[in-house]
A.B. asks: 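Following this message is one structure expressed as structure tokens.
Hydrogens, waters and symmetry mates are skipped; everything else that's a heavy atom, side chains included, is used.
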Amino acid sequence: MPDGDLREGQAMIKDRVSDLVGRTPLIRLAVADGAGTVLLKMEQYNPTGTAKIRMARNMVDEAEEQGLLAPGGWLVEATSGNTGIGLALIAAERGYKFTAVVDNHASIDKLRGMLAYGAELLNVSGDEDGLATAERYATARRLAAEQGAFCTAQDSNPGNPNGYRPLARELRDDLGEDIDYLFGAVGTGGSLSGTGRALREHIPDLRIIGVEPVGSIAFGGEEAPYHQTGTGTPEVSEICDVLDYDLIDEGIKVSDSEAFETCRYLARNFGILIGGSAGGVVYKALERARTAGPETTIVVLVCDGGERYLDTVYNDEWMAAKGLFDEQVADRLAAMLRPAPADAIRKAPAEIH
């Protein structure tokens, strides 16, 4: 092996898959003239294809440090998918049993992902469609108490937002203090609260914008069904303790059509394949970029990729059956984004890493 190639201790060799977490790239969108810069933090390039591996690893790390987990222990969590996949990977690496309490709102691919890592699934929905968030959380806590397992309790565990402090450091490494807005989806609120809190320690004027589906009630409004997964709070659920309202400057809502049409537009025009809720955050960030001015920098937390939504968001039949196509949204996207000319791509400055 030539000197300087694959050598233990260098970045190219890792001992565990979870050591690959982090240092995800930023992609700059080709916005219309006069708009602010929109940068997507592409968390799909983490192991498991999602940001949630950050907090899953950190919740287990903190539990081990506090003596709450013994070797061969049992983890339990209520999850709509991505947190569960992250915990399933960590459990497989470290020799824990993991039970994910799920409902029928989770995508089948996320459930299969958890099973692939050896997780046990406990579905509390029965034959009912849709969200059963409150029942999931209650069942997870009850199961953990009855079986002597450790419930990671992502909705109230400070290890959830703490797990995103490294993400904030990555953004500061790449951008310094040149960040005006941070946009993120709000489910538990961990990713936005944890990243935003760490950034604001160094960027006091940073504006933090939370995005939830129309029909979610974390930022008020009437409860209604929605198809975005891994985000939002139905009326029957308690607001998660890790959602820091004092930190968030604005809470805004995005429709399923706005979210999913954005996903499809980015895939077909730019080759960017992102998850359904991330599409909604990008849409709202693009709207803000039009009014914020060209000197503004907006960072969007893209929490997962689109590979687990091929049967839904990217499926024409599913979109039509749910009545989610909206030509007006597609037209607005065409006005907010422009395909980059080939010569501009060849002559572009160095990529943001």
A.B. asks: With a 4.0 Å cut-off on N to O distance, would you call Arg23 and Asp174 a salt bridge?
C.D. replies: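 Yes.
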
A.B. asks: Compare every heavy atom of Phe98 with every heavy atom of Ala91, then report the nearest pair and how far apart it is.
C.D. replies: CB-CB, 3.8 Å

A.B. asks: Quick test of your reading of the model: are Arg165 and Glu201 salt-bridged, counting only N-O distances below 4.0 Å?
C.D. replies: yes

A.B. asks: Using a strict threshold of under 4.0 Å (side-chain N to carboxylate O), is an ion pair present between Asp249 and Arg200?
C.D. replies: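 Salt bridge: yes.
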
A.B. asks: Give me the atom names and distance for the closest heavy-atom approach of Tyr137 to Ala78.
C.D. replies: CD2-CB, 3.5 Å

A.B. asks: Assess whether a salt bridge exists between Glu250 and Arg288, defined as any Lys/Arg side-chain N lying under 4.0 Å from an Asp/Glu carboxylate O.
C.D. replies: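 A salt bridge links Glu250 with Arg288.
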
A.B. asks: Show me the side-chain donor-acceptor pairs of residues 61-69 shorter than 3.5 Å, one per line, residues at least two apart or across chains.
C.D. replies:
unit_1 : atom_1 : unit_2 : atom_2 : d
Asp61  : OD1    : Arg94  : NH1    : 2.8
Asp61  : OD1    : Arg94  : NH2    : 3.0
Glu62  : OE2    : Asn58  : ND2    : 3.0
Glu62  : OE2    : Asn162 : ND2    : 3.2
Glu64  : OE1    : Arg94  : NH1    : 3.0
Glu64  : OE2    : Arg94  : NH1    : 3.4
Glu64  : OE2    : Tyr96  : OH     : 2.6

A.B. asks: Any ion pair linking Lys52 and Asp304 (charged N to carboxylate O, less than 4.0 Å)?
C.D. replies: no

A.B. asks: side-chain contact (heavy atoms from CB on, under 4.5 Å) with Tyr283: which of Val211, Val329, Leu266?
C.D. replies: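 Option passing the side-chain contact (heavy atoms from CB on, under 4.5 Å) with Tyr283: Val329.
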
A.B. asks: With the threshold set at 4.0 Å, does a side-chain nitrogen-carboxylate oxygen contact exist between Arg141 and Asp155?
C.D. replies: yes

A.B. asks: Look at Glu170 together with Arg54 and state whether they make a salt bridge at an N to O cut-off of under 4.0 Å.
C.D. replies: yes

A.B. asks: Which pair of non-hydrogen atoms, one from Tyr226 and one from Val214, has the smallest distance, and what is that distance?
C.D. replies: CB-O, 3.6 Å

A.B. asks: Quick one: sort the Phe270 and Tyr265 rings into parallel, tilted or perpendicular, breaks at 30° and 60°.
C.D. replies: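 It falls in the tilted class, 30° to 60°.
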
A.B. asks: Under the side-chain contact (heavy atoms from CB on, under 4.5 Å) test against Thr152, which residue among Leu87, Thr79, Asn160, Thr83 passes?
C.D. replies: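 Output: one option passes, namely Leu87.
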
A.B. asks: Short question: side chain of Arg338, backbone of Val31 - any donor-acceptor pair under 3.5 Å?
C.D. replies: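 Pair found, side chain donor or acceptor close to backbone of Val31.
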
A.B. asks: Given side chain to side chain contact (heavy atoms under 4.5 Å, CB included), test Val302 with Thr24 step by step and report yes or no.
C.D. replies: CA-CA 10 Å; Val302 175; Thr24 54; over 6 Å; no

A.B. asks: Does Arg264 come within less than 4.0 Å of Asp316, counting only side-chain N to carboxylate O?
C.D. replies: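 The answer is yes: the pair qualifies as a salt bridge.
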
